[in-house]
Amino acid sequence: RHFISSSFDRYMQYWDTETGQCVSTLTNRKVPYQCKFHPDADQQNVFIMASSDNRLWTWDLNTGQTVQEYNHHLQAVNSVLFTDDGRRFVSTS
């Protein structure tokens, strides 16, 4: 089991709950307000980050890189939620 934490220091940390160790640290130099893992068990390496720069970023933990950017908000994105079994998501700003 794993979880991801986000902080105002602009870093996200991916944690192993069994060992209590940080597995990796990620940043795109934006403040991450919220991170949500994809609900599909086969895509647990993918998460979306709601960000201070008015964008949502999709990350792949296997590469440690962003794979997609959504830039249609006018203000900072505060939250994101997957719907329809992971086929869509909604976000607020």
Side-chain angles (χ1 to χ4, degrees):
R1 299 249 172 198
H2 295 88
F3 72 93
I4 193 158
S5 63
S6 58
S7 176
F8 282 107
D9 68 359
R10 301 175 189 235
Y11 287 92
M12 297 164 288
Q13 293 185 306
Y14 182 57
W15 298 88
D16 183 319
T17 58
E18 291 182 15
T19 66
Q21 299 296 313
C22 177
V23 177
S24 64
T25 300
L26 307 163
T27 188
N28 64 351
R29 299 188 179 125
K30 313 299 180 201
V31 175
Y33 287 152
Q34 185 181 42
C35 298
K36 287 281 188 174
F37 280 105
H38 195 284
D40 188 339
D42 294 335
Q43 295 191 48
Q44 286 296 291
N45 61 305
V46 175
F47 71 92
I48 292 185
M49 173 186 109
S51 176
S52 64
D53 68 344
N54 309 352
R55 294 182 169 113
L56 291 151
W57 300 84
T58 303
W59 288 78
D60 183 341
L61 285 167
N62 292 337
T63 64
Q65 301 293 315
T66 58
V67 293
Q68 192 159 4
E69 170 189 350
Y70 306 91
N71 61 353
H72 297 288
H73 280 275
L74 300 176
Q75 297 291 324
V77 184
N78 299 311
S79 63
V80 61
L81 176 70
F82 282 96
T83 64
D84 295 329
D85 296 322
R87 291 190 310 258
R88 297 184 179 125
F89 61 86
V90 294
S91 57
T92 65
S93 65

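In this chain, residues are counted from 1 in sequence order.
In this structure the side chain of Y33 reaches within 4.5 angstrom of the side chain of S52, judged on heavy atoms.
In plain terms, the two heavy atoms of W15 and S5 that are nearest each other are NE1-OG, 3.0 Å. When all heavy atoms of T25 and Q13 are compared, the closest pair comes out as OG1-NE2, 3.6 Å. The minimum heavy-atom distance between V77 and S91, with the atom names listed, is CG1-CB, 4.0 Å. Minimum interatomic distance between D85 and P39 (heavy atoms only, all atoms of both residues): C-CG, 4.3 Å. The heavy-atom pair separating Q44 from A41 by the smallest distance is CG-O, 3.6 Å.
Listed by chain and residue number, D40, Q43, V46, F82 satisfy the side chain to side chain contact (heavy atoms under 4.5 Å, CB included) test with H38 (two or more places apart in sequence, or in another chain). For Q68, the side chain to side chain contact (heavy atoms under 4.5 Å, CB included) partners two or more places apart in sequence, or in a different chain, are T58, Y70. Taking R88 as the reference, D84 meet the salt bridge (Lys or Arg N to Asp or Glu O under 4.0 Å) condition, with sequence neighbours excluded. S93 meets the side chain to side chain donor-acceptor pair (under 3.5 Å) test with H73; sequence neighbours excluded.
The line from OG of S6 to NZ of K36 is 11.0 Å long, rounded to the nearest 0.5 Å. Between the CZ atom in R29 and the OG atom in S51 there is a gap of 13.5 Å [rounded to 0.5 Å]. Of the inter-residue distances, the one linking H2 atom NE2 with S24 atom OG reads 9.0 Å to the nearest 0.5 angstrom. Atom OG of S79 sits about 11.5 Å away from atom CD1 of I48, to the nearest 0.5 Å. Here N45 contributes atom CG and N62 contributes atom CG; the two are 4.0 Å apart, rounded to the nearest 0.5 Å.
Pairs passing the salt bridge (Lys or Arg N to Asp or Glu O under 4.0 Å) check and including a residue from residues 50-67, sequence neighbours excluded, read D53-R55, R55-E69.
Clustering of Ile, Leu, Val, Met, Phe, Trp and Tyr side chains at separations under 4.5 Å places W57 together with I4, M12, Y14, V23, L26, F37, F47, M49, W59, L61.
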